[in-house]
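Working notes, structure below.
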Protein chains: 2
Amino acid sequence: MTADPEDHRNPYVARERILRTAYELFSRRGIRAVGVDEVIERSSVAKATLYRHFRTKNDLVIAFLERRQQVWTRDMVRDESERRGSTPDEQLLAMFDVLDEWIHSDDFDRCTFINVLLEMGPDHPVSRAAIDCLEELRGIVKERAEKAGLHRTEEFALSWHILMKGSIIAAYEGDGEAARRAKIMAADLIEQHRTPDGPERVPAGSKAGGS
Amino acid sequence: MTADPEDHRNPYVARERILRTAYELFSRRGIRAVGVDEVIERSSVAKATLYRHFRTKNDLVIAFLERRQQVWTRDMVRDESERRGSTPDEQLLAMFDVLDEWIHSDDFDRCTFINVLLEMGPDHPVSRAAIDCLEELRGIVKERAEKAGLHRTEEFALSWHILMKGSIIAAYEGDGEAARRAKIMAADLIEQHRTPDGPERVPAGSKAGGS
DNA sequence: CATAGAACAGACAAGTCTGTCTACTCTCGC
DNA sequence: GCGAGAGTAGACAGACTTGTCTGTTCTATG
């Protein structure tokens, strides 16, 4: 709508082209592994232009994370799974179908937010932005859990998130079935949270003992 | 046994001191973020000494991964959980108790193998070493599953691994209860695999549909 | 046509990184 | 006492990093 990235006359175009290239490169290869020079060259832009639109590389990374949040978390995971299920339960489980498709698509690159978190360390400002992104995803899960009438939704969302993150890493490691495996566990998790009673039926050794 | 790291006269000492420092730094801050100069300075060693013992930084990283495999995967996760349970089931579940303790200890740094994998990309030789390490962990899980008389142990181990990886990442992100959450799901997973029937009771939308 | 704003091209500074190399010192065994 | 082997100290090369800065060219608008 705003800009045809080929139209060099449009002033909005340079920024968009930079961001698109950055998205492509950062999401596939990580942050540290991609230098601004490469972004500049691949987006056919002058260095000064990049630094006019983004004060530092960090600013560019933050902008990239925002776009990732829109494209991945919202447009893909949230909206696509919502479209595929008619009840909150189905919509929750459909998230893993979406992940499964993503994993097998050409777009499957790497888990950006986790990657940033590990690459920059937990205290880096960019990492904090990544953590916010992950939190939004959990919010979506929690909301659906509430609509589905589940109990202990906060804990539910955290457990659910473990399954999502774990399956994405497993897929990255080479397990093509990871999302389907996680979905099975996710279905059980839903059942566990249909009742209000806590998970106090955990087998032996719940609390880690001393020496 | 081999060496007192303070004894500068012992020829085995320099290598050990370098490796110890590398372990400390790499496991806490990642690979790319730590340069050889820092390793050299922190281990009070000359640059030539480091490069005498390790041909390149990559070689040092590989040696670090081997040590990590011993210290983390084998000594900690495998042996410690074995000690804590008397049956294979208990030993499996105790893995999450060990993780829980680790997460809350000062030693909790980051998930080294996943970190390397993401940092270097899946095709890097160092990443392949990391994948081998992760595979060994799954082998331990599979073996215990067989001893416990579970079915479809290969798939069981892969699912189990999703829970482990997911909970470690979640803990890194800030969820201190991640290992305990994962343990609950793990207990359910064991129950699922007590019977030989496949997981074909997955709810609606198992196969992701088209557009 | 003229001028302002933006983009382009690319040199440059200042720092990082890995890996090499020289020159000196220390200690052990002969 | 002396030579060998290992360690120390640190300069250095060459590549890479982010970010600045100087010009030039293009385009839209008055």
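Not measured: the values here are computed from a predicted model. Chain identifiers are assigned alphabetically (A, B, ...) following the order of the sequence lines, protein sequences preceding nucleic acid strands; residue numbering begins at 1 within each chain.
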*Let me have a per-nucleotide readout for nucleotides 11-19 of chain C, 5' to 3', with B, S or -, counting only protein heavy atoms under 4.0 Å.*
-------BB
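- Each ring pair (Phe, Tyr, Trp, His ring centres under 6.0 Å) pair with one or both residues in residues 24-43 of chain A, not counting sequence neighbours, appears once here: A/Phe26-A/Phe64.
- Take B/Glu66 and apply the side-chain hydrogen bond (donor to acceptor under 3.5 Å, both in side chains) test, not counting sequence neighbours, and it matches no residue.
- Which of D/dC21, D/dG7, D/dA9 sits closest to the side chain of B/Thr49 comes down to D/dG7.
- B/Glu41 has its CD atom 13 Å from the P atom of D/dT8, to the nearest Å.
- Across the protein-nucleic acid pair, A/Arg29 atom CZ and D/dC16 atom P stand 13 Å apart, rounded to whole Å.
- Taking only side-chain nitrogens and oxygens, B/Arg17 comes nearer than 4.0 Å to OP1 or OP2 of D/dT8.
- An OP1 or OP2 oxygen of D/dA6 is reached within less than 4.0 angstrom by no side-chain nitrogen or oxygen of B/His53.
- Rounded to an integer number of Å, the gap from CD1 of B/Ile40 to P of D/dA9 is 11 Å.
- The distance between atom CG of A/Asp59 and atom P of D/dG19, rounded to the nearest whole Å, is 9 Å.
- Between A/Lys183 and A/Glu177 there is no salt bridge, since no side-chain nitrogen of the basic residue lies less than 4.0 Å from a carboxylate oxygen of the acidic one.
- The ring pair (Phe, Tyr, Trp, His ring centres under 6.0 Å) analysis of residues 74-105 of chain A, with sequence neighbours excluded, yields the pairs A/Trp72-A/Trp102, A/Phe96-A/Trp160, A/Trp102-A/Phe108.
- Listed by chain and number, the residues in a side-chain hydrogen bond (donor to acceptor under 3.5 Å, both in side chains) with B/Ser86 are B/Glu90 (sequence neighbours excluded).
- For B/Arg52 and D/dG7, the shortest distance from a side-chain N or O to OP1 or OP2 is below 4.0 Å.
- With sequence neighbours excluded, the residues satisfying side-chain hydrogen bond (donor to acceptor under 3.5 Å, both in side chains) with A/Thr56 are A/Asp59.
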